[in-house]
Amino acid sequence: MDYKTLVAQTLAEQIGDVLSEEQIYQLLEKPKSSDHGDIAFPVFSLAKTYRKAPQQIAADLGEKISNPAFEKVVVVGPYLNFFLNKEMVSDEVLKAILKEGAAYGNQTVGQGRNIPIDLSSPNIAKPISMGHLRSTVIGNAIANIVQKIGYNPIKINHLGDWGTQFGKLIVAYKLWGDEEKVKAEPIQELLRLYVQFHEVAEEKTELEDEARAWFKKLEDGDTEATELWSWFREESLSEFNHIYQLLGIEFDSYNGEAFYNDKMDEIIEIMEEKHLLQENRGAEIVDLEKYNLNPALIRKSDGATLYITRDLAAALYRKRNYDFAQSIYVVGNEQSNHFKQLKAVLLEMGFDWSNDMVHTPFGLITQGGKKLSTRKGKIVLLEEVLNEATKLAKEQISAKNPDLADKDAVAKDVGVGAVVFHDLKNDRMNNFDFVLEEVVRFEGETGPYVQYTHARSKSILRKAGQTPNHAASLALTDPYSWEVIKVLKEFPETVMKSYEKLEPSVIAKHSIQLAQYFNRFYANVKVLEDHPEKEGRIALVEAVSTVLKEDLRLLGLNAPNEM
Ligand code: ARG
């Protein structure tokens, strides 16, 4: 039972004529300090009806309430504060977690409906950027979260594998390329060719025409062009896959922009039927003035389609193929206009499911306060960051626990976990400055701290040498347990909240709080000593271990049993 609901129900029995149970529920607060109780009801909104001072109303109301679920009900200023019955609540919460295990907090609101999530989506032949890393880890966490509440997430890596730049690459490769070099270091070599193309084309402008011609060939399915393109794509993808493997992230689809090459004609036809296209200096645009947006450029004067044209085709494809409840795009905030235009054009085309498309933006990673730039060579190579973090993790682990088996696997979980958690712990819209020492920090509010706390709970359970007896009373009465119990109890609502805001940081904060309270509990309560509440204490350790692991899993981190 959710105790907020119980409080709302109990109050509604008294004041249901003034406020509905739902309204009361919405008004309930969490007292600032737990000395003041667990759930607080502000009585202001009753003052008009009862024509009494708020304190008096609270006092009168408090006297009428008696329910064994509440230890006491106290008036604090204009608030009526409820203290939950610790024994009852702890027994109930712990039993639920022991019984449900990792399924604790699972919900059915999604009813199995599909939510495609567009994430990662790097561009072929270019290095994967920190922005793409953010999209990957945020998108992956969101996929886990929507799954936890009963949706079916579909992770789509919408690769940037189409566009005029492929014409340029083909020209550059044919002029200066070397197969062996591309195979050895695909991204670096392809990037080098791309840069060389631009340098040379400044003088020899006819190269631009050649590039356009090659892209046209590619669009028309020419064999040589297609073979080169698909080879570049595969080589790039295999390099991206190193990073995905390090992160432990898999995709359900790699349908990128190229996949929609033969699906754009239909989009253009629908627009023509609806008379949406206007000519503008040879190009075709859709006017979006009534949305207060710049016109969307759909087709260039040479007939070439654009990024947004492919996104229009992709959106329609996803609707038809997945009949989605929502369609989520985890893409940097700098593309927010693009997504506004995309949604507006779809509305103009008569697709009201456009309203179920959600752009989930995130802030920039900066360095020294400045935007990271690929062109000026300031790019931080992601793989290096992940490897460096793993190396530092291994040093720390070897110092703390020299006998640990499988150190390399644990170091990878912890090193990569540090990078991922660092990204997810703050609101996704916050910008953050990239400082390697910060990213791979293990103390304080970090992934390794949560992982370490989880491993500690496992070690306590090993020492206890017993699994909690589900049938026994698991009631706990000390104040340290109580703080832990409350955070455990909040887990299901926390998952829901993180879904409503599409905000993994809500889960990250929950895990930090749970770890902190648990460590405080462990420092003050002798779990392994003989005590009437020993059974409950061991159950609490197990419940914490289960929920911390689930918090970490939702964020995309592993939870090693020892470290
Ligand atoms: N490839 C794009 C970029 O790197 C991101 C694609 C995002 N997804 C989308 N459906 N537009 O900027």
Side-chain angles (χ1 to χ4, degrees), residues 114-140 142-143 153-166 168-169 187 190-191 194 229 232-233 236-237 239-240 243-244 249 251-261 263-264 267 293 296-298 305-322 324 326-346 351 353-354 356-365 371-375 379-380 382 428 502:
N114 288 331
I115 298 191
I117 301 173
D118 188 305
L119 77 167
S120 197
S121 312
N123 300 318
I124 295 300
K126 293 215 183 125
I128 188 164
S129 71
M130 287 308 257
H132 295 120
L133 171 72
R134 294 213 74 190
S135 166
T136 310
V137 304
I138 295 170
N140 184 57
I142 289 179
I154 297 151
K155 290 190 273 182
I156 304 174
N157 195 335
H158 186 81
L159 294 170
D161 57 2
W162 207 244
T164 41
Q165 70 269 32
F166 289 93
K168 298 176 184 173
L169 260 184
I187 307 269
L190 292 173
L191 186 64
Y194 189 68
W229 166 82
F232 296 156
R233 186 181 187 274
S236 300
L237 201 50
E239 208 163 312
F240 296 155
I243 291 173
Y244 296 143
I249 291 178
F251 298 92
D252 299 301
S253 158
Y254 288 91
N255 286 343
E257 295 185 40
F259 179 74
Y260 303 98
N261 183 38
K263 298 175 181 57
M264 286 179 285
I267 294 291
L293 293 167
L297 179 54
I298 302 296
T305 54
L306 289 106
Y307 180 54
I308 194 169
T309 329
R310 295 186 277 281
D311 255 332
L312 287 163
L316 180 57
Y317 178 84
R318 287 175 196 175
K319 183 61 197 176
R320 282 183 182 153
N321 208 30
Y322 303 119
F324 55 69
Q326 269 183 350
S327 179
I328 295 176
Y329 294 81
V330 185
V331 184
N333 191 36
E334 66 278 6
Q335 292 195 28
S336 77
N337 258 314
H338 166 76
F339 285 101
K340 282 187 193 144
Q341 289 183 318
L342 178 63
K343 292 182 63 170
V345 174
L346 288 166
F351 297 132
W353 46 259
S354 163
D356 302 323
M357 289 167 51
V358 191
H359 175 213
T360 306
F362 50 82
L364 282 179
I365 303 188
K371 198 180 161 192
L372 288 170
S373 129
T374 328
R375 239 160 286 145
I379 165 95
V380 187
L382 253 190
R428 58 179 156 72
L502 295 175

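Whatever order the structure lists them in is the order used to number ligands and atoms, beginning at 1. For clarity, every value in this text was computed on a predicted model and none was experimentally measured.
- Between F166 and F232, the ring centre distance reaches or exceeds 6.0 Å.
- Residues with a heavy atom under 4.0 Å from ligand 1: D118, S121, N123, H132, H158, Y307, D311, Y329, V331, Q335, F339.
- For the pair S121 (side chain) and H158 (backbone), a donor-acceptor distance under 3.5 Å is present.
- In this structure, the side-chain contact (heavy atoms from CB on, under 4.5 Å) partners of D356, at least two apart in sequence or on a different chain, are F324, W353.
- The residue from K126, R233, R310 that alone fulfils the salt bridge (charged side-chain N to carboxylate O under 4.0 Å, His left out) condition with D161 is R233.
- A side-chain donor from one of N157 and Y244 sits under 3.5 Å from a side-chain acceptor of the other.
- Counting all heavy atoms, side chain and backbone alike, S135 lies closest to V330 at OG-O, 2.8 Å.
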